[in-house]
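All chains are named by letter (A, B, ...) in the order of the sequence lines, taking the proteins before the strands, and each is independently numbered beginning at 1. Everything quoted here is computed from the prediction, not taken from an experiment.
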Amino acid sequence: MPDNVSDRELVERVQRGERKAFDLLMLKYQHRIAKLIARYVQDPSEVLDVAQEAFMKAYRAIPKFRGDSAFYTWMYRIAINTAKNHLAAQARRPRESGLDVADLEQFDGIPELKEYVTPEGLALTEEIQQTVIAAIDALPEDLKVAISLRELEGLSYEDIARVMECPIGTVRSRIFRAREAINARLEPLLD
Amino acid sequence: MTVNAPDSNEQVSAFVDGELRGPARDRVVDALYGSSELRRAWAHFHLIGDVVRKIGPVPGAGSIAGNVNAALSAEPVVPFEPRPRRPWLVPLPGLAFAAAIAAVAVLGIRSLDDGGVQPPPVAGASRPEVEATSSLPAAPDPAASRIASAAAPPAGSEAARRRWSDVAPNAEARLNVYLVNHNEYAGNGVRGVLPYVHIVGYQPAAGDYR
C-alpha cells in the first residue's frame, strides 16, 4: 500500500522526537483501532479507554519500532494485546460478563457478535455511513470513479491514471475534489 | 504556512494516499503540524476511506487522539534510539576474523610440517635427541619425529647429552641411511612443485658411515 510511505515518514519523525507526527498517526488510525478493540471489549466507554491505552503504549514503544512490519500491523498487535490484558484484568475482578479471554478469542472471526451498539452510537454511525454513500453517489462520474478506484480498489494514482486515461495530476485533483465534496456533507455530523 | 489552503488540502489528500515524495512530503507534514484545519482535513479524509471500506466510524473514537495527546503532554519527548543490534551478533565479526587467522595458521603449520619443507629429522642431528632408554630408533615418520621433539628434554640436560651417536652409533648409522633413502623417494606432501623436490637434511655425526 502506498500510504505505508506516509506512515514510515511519520514514524521516523516520531522517532526523531516529533510528537505531532504521532498525533497524525492517531488521527489516521483512531477509528480502525477502536473498531478492532470493540470486537473484544463490550463496553463503549472501555473501548475508548483501551484504545487510548494502546496508543500510549505504542508511543512509548515507538523508539524500538524497527519497521520490520507496517506501522498498522505493529499497532494492531499492540491493540489486541492491550484488549486481551484488559479482559484478563477484568476477569480477575468480580465477573460482569459471562465470557473469559479464551471465549472472546473465538469471537475474533465473528465481529458481529462482539460489536457494541448503543442507540446513539448506532444512529450516528449509520448516519455517517449513509452520508458518505450519498455524497459519493452525488459526485460527477469522473470523481466517483477516481475516489472508488482509490478507496475501494486501493489503486495508486499511476494505475488510476492508466485506467482513466488521464494525467496523474488530474487523478490527484479528482480524488481531492471528491474528498472535499464528501467532507462538506460530513462536517456537520462530526462537529 | 504561505501556501494557500486549497492547495494545502490537495497536498494533504495526496499525502493521505502516500503519493507525495521528497520535499513536498516534508512541507505538507510541517503544514499539518501548524494547522488544526489541515489536521482536521487529514482526519476526515481518512475517515471517509474507513467508511467506504466499512471499517469505521466508531462513535467517540474521534476524541482518542486528543485524549492521548493530553495524557502524553505530561510525558517527556520520546528520544530517538538507534536500532538496537542483536547482542549475540556483536562479537561475531571479531570471532570470525580470529577463527580465520587461527585456521590459516594451523593449516599453514600443518602443510609446512607434513610437507617436509623443514629438513626431516635425522638421527644424530642436533634436534632429535632420544632418550638412551630407547633401544631402537623411532619410525622415520615426521609425525613421530615431532612427538619425539616435543618429548625431548631441554638442551643441556643429562638426557639431551645422551645422543644416538653416544649410545648406539651403529643404529644411528643404519637410521641415517634409511632416512636419506626414504626422503629421496618419498614425496614431501607439499602441493605444487614441492612434492617433486626432495629435501634431505643430514648432519653427519661422529663416526658417520662412508
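When atom types are taken as modelled, the side chain of B/E19 and the backbone of A/Y157 share a donor-acceptor pair closer than 3.5 angstrom. Within the 3.5 Å criterion, the main-chain N or O of B/P57 finds no donor-acceptor partner in the side chain of A/H31. Panel note: side chain A/S6, backbone B/F15; a donor-acceptor pair is recorded below 3.5 Å. For A/R19 (side chain) and B/L72 (main-chain N/O), a donor-acceptor pair under 3.5 Å exists by modelled atom type.
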>> As a quick check of understanding, evaluate side-chain contact (heavy atoms from CB on, under 4.5 Å) for B/D30 and A/R13, giving each step before the final call.
In response: CA-CA 11 Å; B/D30 291 339; A/R13 280 175 173 257; 3.2 Å; yes
>> As a quick check of understanding, evaluate side-chain contact (heavy atoms from CB on, under 4.5 Å) for A/K28 and B/F45, giving each step before the final call.
In response: CA-CA 9 Å; A/K28 177 176 181 177; B/F45 290 170; over 6 Å; no
>> Working note: B/V68 + A/Y59, criterion side-chain contact (heavy atoms from CB on, under 4.5 Å); need CA distance, chi angles, decisive distance, verdict.
In response: CA-CA 10 Å; B/V68 174; A/Y59 177 74; 5.9 Å; no
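Heavy-atom pairs under 4.5 Å with chain A were tallied for B/I64, B/N67, B/D26; the largest tally goes to B/I64. Between chain B and the residues A/N183, A/L124, A/L152, the most heavy-atom pairs under 4.5 angstrom are made by A/N183. Looking only at heavy-atom pairs under 4.5 Å with chain B, the residue among A/E187, A/M56, A/Q129 that has the most is A/E187. Taking A/V171, A/V132, A/I147 one by one and counting their heavy-atom pairs under 4.5 Å with chain B, the maximum is reached by A/V132. Chain B forms more heavy-atom pairs under 4.5 Å with one residue of A/L186, A/I182, A/I168, A/L25 than with any other, namely A/I182. Chain B forms more heavy-atom pairs under 4.5 Å with one residue of A/I128, A/T131, A/I133, A/I33 than with any other, namely A/I128.
Heavy-atom distances place the side chain of A/E9, and not its backbone, under 4.5 Å from chain B. Both the backbone and the side chain of A/S173 come within contact range of chain B, each with at least one heavy atom under 4.5 Å from a heavy atom of that chain. In this structure, chain A has a heavy atom under 4.5 Å from the side chain of B/L47, while its backbone stays farther away. Contact of A/L10 with chain B is made through the side chain alone, with heavy-atom distances under 4.5 Å. Within the 4.5 angstrom heavy-atom criterion, no atom of A/A135 approaches chain B. Looking at A/I136, only its side chain comes within 4.5 Å of chain B, counting heavy atoms on both sides. Contact of A/E53 with chain B is not made at all, since no heavy-atom distance falls under 4.5 Å. In this structure, chain A has heavy atoms under 4.5 Å from both the backbone and the side chain of B/V52.
Scanning all heavy atoms of the two residues, the minimum distance from A/Q30 to B/A65 falls at OE1-N, 3.0 Å. For the pair B/P59 and A/L48, the tightest heavy-atom approach, listed with the atom from each and the gap, is O-CD2, 4.2 Å. Nearest heavy-atom pair across B/W42 and A/L24 is NE1-O, 2.8 Å.
When side chains are defined from C-beta on, B/H46 does not count as touching A/L27, because their heavy atoms never get closer than 4.5 Å. Under the 4.5 Å side-chain criterion, counting only non-hydrogen atoms from C-beta, A/M26 is in contact with B/N69. A/E18 places a side-chain heavy atom less than 4.5 Å from the side chain of B/Y33.
Rounded to the nearest 0.5 angstrom, A/R150 CZ and B/S13 OG are separated by 9.5 Å. To the nearest 0.5 angstrom, A/R32 atom CZ is 4.0 Å from B/I55 atom CD1. Once rounded to the nearest 0.5 Å, the distance linking CD of A/E180 with CD1 of B/I48 reads 8.5 Å.
When each of A/R177, A/R172, A/R179 is checked for a side-chain contact (heavy atoms from CB on, under 4.5 Å) with B/E10, only A/R172 meets the rule.
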